Amino acid sequence: MNILFLDQSGKLGGAQLCLLDIVKLYHDRSLVCLLADGSFRELLEQHQIPVQVLTTESIQVRKESTFLQGLSSLKQLLPLIGCVARLSRDYDLIYANTQKALVIGAIASFLSRRPLVYHLHDIVSPEHFSAINRRLIITLANRFASLVIANSEASQKAFSDAGGRVELTEVVYNGFTPESYSHHQAEALQLRQTLQLDRQFVVGHFSRLSPWKGQHVLIEALKHCSEDVTALLVGDALFGEQAYVQQLHDQVAELGLENRIRFMGFRSDIPQLMTACDLVAHTSTAPEPFGRVIVEAMLCSRPVVAAQEGGAVELVHHDKTGWLCPPNDPQRLAEIIMNCRNHPQQANAIAQQAQQEASQRFHLEAINQQIAQLLAAIVH
Ligand code: UDP
Ligand code: GLC
């Protein structure tokens, strides 16, 4: 099957890392079109995947855009739609990854009469999207998509609650190669030494810096933990959240936590860094659509605490494969951190159980097979 993949971002977020693993399956028969240049293009090229950047201008549609802002971006979108429609005539289907790609892919699929698959990585709710954008997503998906792949039941439910046709949807979790996350103990030890963390209890947070990812909640929680608890904040502001980055630095200074919080920036050695942690914390304050970092921590055999909302609830079974914490509750988060620190054997047993479960439930091979079957059913 020949697929024209379409993605909005040049940056490396979870939706792009998920797409990369799907694209690899079809790399010799496919093209990935990007609506922005960046490190995602470089990564695709490293994997010998044909990629084309369709525009160097940034598209002005944002998750919180108003109707007028959306309308004014039409001028930018029309040539892109034409271009994707032309390109897609050489492919069996258009695979739109996330929202801007849906807008362009939907109309292009109508023009070229190619089926459209929409991979939904978001929770279509007021917390994440403006009213006009919710309406746009639902209308385009309902009218033009042959299949909507939702990255969790939570994303599927939000889509349906917002008016999306549930019969179009299939839930497919992100897939992972468990081998990539194991056997990093030696490098992890080295990292702990280099970072002078030998005697610390290290809590890792692996997310882009963004208000809803809730790094501030972990910083606040540290105030209630013993002095040996240190946090690594791994990730960068990918979508211009500089004010939030400043806010985090101010918060650290105000609480006098400079020695216990490290800002690590964007890293490519996630399995090594996760293995170097004693606990991985996920602290999103709005429902997380899926939460790759939660599964990655499990695959690294690291105990994980996740915010109890959205897709995270489908990934972690409280007290069995990790812990769930009410979102935005630093006090409760601190209790869970201290409990994990004070009961290492219990934490280790939970992490081992999680590793086994995650290796089965989220194995890339099985997930890719599921996707291949769904796509085959659309292209006759
Ligand atoms: N990640 C990374 N480097 C970083 C921080 C995060 O490669 O410095 C990866 C992380 O391992 C995960 C992805 O980025 O695979 C984030 O995906 P997730 O689903 O957790 O959140 P998203 O940012 O997509 O909402
Ligand atoms: C999006 C979501 C994240 C999810 C990822 C992959 O970026 O925010 O929760 O894990 O897509 O599906």
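Just so you know, these numbers use all the heavy atoms, side chains as well, and skip hydrogens, waters and symmetry mates. Whatever order the structure lists them in is the order used to number ligands and atoms, beginning at 1. FYI, the numbering just counts along the sequence from 1. Being a predicted model, the structure only gives us computed values, none of them experimental.
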**Asked** Can you find a non-hydrogen atom of Gly13 under 4.0 Å from ligand 2?
**Response** no
**Prompt:** Is there any N or O on Cys18 that sits under 3.5 Å from an N or O of ligand 2?
**Reply:** no
**Message:** Suppose I only count heavy atoms of Gly14 and a 4.0 Å limit; which atoms of ligand 2 are within that range?
**Reply:** 5 (C), 6 (C)
**Pairs meeting criterion side-chain hydrogen bond (donor to acceptor under 3.5 Å, both in side chains) with involvement of residues 25-36, two or more places apart** = none
**Item:** Asn174 and ligand 2 - part of the residue with a heavy-atom distance under 4.0 Å
**Value:** side chain
**Prompt:** Name the one of Val32, Leu375, Asp92 that satisfies side-chain contact (heavy atoms from CB on, under 4.5 Å) with Ile3?
**Reply:** Leu375
**Request:** Applying salt bridge (charged side-chain N to carboxylate O under 4.0 Å, His left out), name anything that partners Glu309, two or more places apart in sequence or on another chain.
**Result:** none
**Message:** Counting the benzene-type ring for Trp, do Phe206 and His282 have ring centres under 6.0 Å apart?
**Reply:** no
**Message:** Can you name the atoms of ligand 2, numbered from 1 with element, that are less than 4.0 Å from a heavy atom of Arg292?
**Reply:** 10 (O)
**Item:** Heavy-atom closest contact (Leu197 atom, Arg262 atom, distance)
**Value:** CD2-NH2, 3.7 Å
**Prompt:** Are Glu153 and Lys157 close enough for a salt bridge, meaning some N to O gap below 4.0 Å?
**Reply:** no
Tabulation required: pairs of a nitrogen or oxygen in ligand 1 and a protein nitrogen or oxygen under 3.5 Å; columns are atom names and distance to 0.1 Å; otherwise 'none'.
{"residue": "ligand 1", "atom": "3 (N)", "partner": "Arg267", "partner atom": "O", "Å": "2.8"}
{"residue": "ligand 1", "atom": "8 (O)", "partner": "Arg267", "partner atom": "N", "Å": "2.8"}
{"residue": "ligand 1", "atom": "11 (O)", "partner": "Glu296", "partner atom": "OE1", "Å": "2.7"}
{"residue": "ligand 1", "atom": "11 (O)", "partner": "Glu296", "partner atom": "OE2", "Å": "3.4"}
{"residue": "ligand 1", "atom": "15 (O)", "partner": "Arg292", "partner atom": "NE", "Å": "3.1"}
{"residue": "ligand 1", "atom": "15 (O)", "partner": "Glu296", "partner atom": "OE1", "Å": "3.3"}
{"residue": "ligand 1", "atom": "15 (O)", "partner": "Glu296", "partner atom": "OE2", "Å": "2.8"}
{"residue": "ligand 1", "atom": "19 (O)", "partner": "Arg292", "partner atom": "N", "Å": "3.0"}
{"residue": "ligand 1", "atom": "20 (O)", "partner": "Arg292", "partner atom": "N", "Å": "3.3"}
{"residue": "ligand 1", "atom": "20 (O)", "partner": "Val293", "partner atom": "N", "Å": "3.2"}
{"residue": "ligand 1", "atom": "21 (O)", "partner": "Lys213", "partner atom": "NZ", "Å": "3.2"}
{"residue": "ligand 1", "atom": "23 (O)", "partner": "Arg208", "partner atom": "NE", "Å": "2.8"}
{"residue": "ligand 1", "atom": "24 (O)", "partner": "Gly14", "partner atom": "N", "Å": "2.8"}
{"residue": "ligand 1", "atom": "25 (O)", "partner": "Arg208", "partner atom": "NH2", "Å": "3.1"}
{"residue": "ligand 1", "atom": "25 (O)", "partner": "Lys213", "partner atom": "NZ", "Å": "2.8"}

**Salt-bridge contact Arg114-Asp90 (side-chain N to carboxylate O under 4.0 Å)** = no
**Prompt:** For ligand 2, which atoms have a heavy atom of His121 less than 4.0 angstrom away?
**Reply:** 1 (C), 2 (C), 6 (C), 11 (O), 12 (O)
**Message:** Under the side chain to side chain donor-acceptor pair (under 3.5 Å) test against Asp228, which residue among Arg199, Gln200, Arg341 passes?
**Reply:** Arg341
**Prompt:** With a cut-off of 4.0 Å, which atoms of ligand 2 are near a heavy atom of Glu288?
**Reply:** 3 (C), 8 (O), 9 (O)
**Message:** Between Ile123 and Phe129, does the side-chain contact (heavy atoms from CB on, under 4.5 Å) criterion hold? Intermediate values first, please.
**Reply:** CA-CA 8 Å; Ile123 299 230; Phe129 291 95; over 6 Å; no
**Asked** Judging by distance only, is a nitrogen or oxygen of Asn151 under 3.5 angstrom from one on ligand 2?
**Response** yes
**Prompt:** Sequence neighbours excluded, which residues qualify as side-chain contact (heavy atoms from CB on, under 4.5 Å) partners of Ser210?
**Reply:** Arg208, Trp212, Lys213, Glu241
